[in-house]
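Notes follow the structure.
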Amino acid sequence: MGAGKAMILRPGILDPHSFAPFGSARRLSGGVSVNENRGRRIDLEAQLQHDAEARRAALALYRMEPSAAPVSVAFFERHPCSAQLFVAPPSARFLLVVAPDGDASEPDPARALAFLGEGDWEIIYHKGVWHFPLIALGASTDFTMMMWQTGDRRDCECRNLAAPLFVHVP
Ligand SMILES: NC(=O)N[C@@H](O)C(=O)O
């Protein structure tokens with residue numbers, strides 16, 4: 001993609017197979033009955049891949065305000081030391097934007113992909129996968145996030161793009 005030439009991305013519907021090169025995605029369902037059958041416990045993936053130096057568990061609530069479409073993606077980031085898990089609630093409508101490694105393990109925006117998710121998903125980015133920060137659509141949405149961190153700058157790398165990508169939302 002030439003410098004300065006904006007690129008349009010149209011998201012596909014999030015599905016585990018399409019997302020697999022970048023991580024795992026699974027709809028949350030089933031689980032076991034808990035609390036006198038007043039609820040269900042759905043266990044999440046607890047064994048997130050991470051480096052030994054990333055020994056600080058980070059568990060957070062991301063209270064995301066909705067983004068307007070088209071969403072401008074001007075950079076990608078990655079977490080070289082840990083996979084990163086997000087849980088989307090049943091009311092969620094969100095975008096994931098990812099890019100494979102290009103030359104010298106830099107993000108390749110020409111092969112970037114966007115995924116539109118709706119409802120309660122567990123999403124896990126593989127360790128070191130280039131992605132744009134999570135995007136909520138439609139309404140303020142609370143996502144749960146978990147990853148392992150070193151506590152220093154190794155936890156997140158960013159790369160600005162020569163030209164932004166614009167993600168159109170159906
Ligand atoms: N950087 C950060 O805290 N969040 C991102 O990794 C994200 O994917 O939202």
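Both ligands and their constituent atoms are indexed starting at 1 by order of listing. Because only heavy atoms are used, hydrogens play no part in the values below, and waters and symmetry mates are left out as well, while side chains stay in.
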(message) I need the nearest protein heavy-atom contact for atom 2 (C) of ligand 1: residue, atom name and distance, please.
(response)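 For atom 2 (C) of ligand 1, the nearest protein heavy atom comes out as Y62 OH, 3.4 Å.
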(message) How far is atom 1 (N) of ligand 1 from the closest protein heavy atom, and which atom is that?
(response)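 Answer, as residue, atom name and distance: E77 OE2, 2.9 Å.
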(message) With a 4.0 Å cut-off on heavy atoms, is H79 in contact with ligand 1?
(response)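 So H79 counts as touching ligand 1.
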(message) If hydrophobic residues (ILVMFWY) are linked whenever their side-chain heavy atoms come closer than 4.5 Å, directly or via other members, who joins I124 in its cluster?
(response)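 I124 clusters with L28, I42, L44, L48, L59, L85, V87, M146, W148.
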(message) So if I apply the side-chain contact (heavy atoms from CB on, under 4.5 Å) rule between Q84 and each of H131, H126, K127, which one comes out positive?
(response)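 With Q84 as partner, H131, H126, K127 yield a single side-chain contact (heavy atoms from CB on, under 4.5 Å), made by H131.
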(request) Please determine if L134 has a nitrogen or oxygen closer than 3.5 Å to a nitrogen or oxygen of ligand 1. (result)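 Yes: some nitrogen or oxygen of L134 is under 3.5 Å from one in ligand 1.
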(request) Check whether any N or O atom of H131, backbone or side chain, sits under 3.5 Å from an N or O atom of ligand 1, and answer yes or no. (result)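 It does: an N or O of H131 is found under 3.5 Å from an N or O of ligand 1.
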(message) Quick one, Y125 and F86 - any side-chain contact, counting heavy atoms below 4.5 Å?
(response)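 Yes. Closest side-chain heavy atoms under 4.5 Å.
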(request) Answer yes or no: is there a side-chain heavy-atom contact under 4.5 Å between D108 and D101? (result)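 No, side chains not in contact.
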(message) My understanding is that only residues two or more places apart in sequence, or in another chain, count here; which of them pass ring pair (Phe, Tyr, Trp, His ring centres under 6.0 Å) with F132?
(response)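 Partners of F132 by the ring pair (Phe, Tyr, Trp, His ring centres under 6.0 Å) criterion, ordered by chain and then number, come out as F75.
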(message) Please classify the Q84 to ligand 1 contact at 4.0 Å (heavy-atom distances, strictly less than): side chain, backbone, both or neither.
(response)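 Looking at Q84 and ligand 1, just side chain atoms fall under 4.0 Å.
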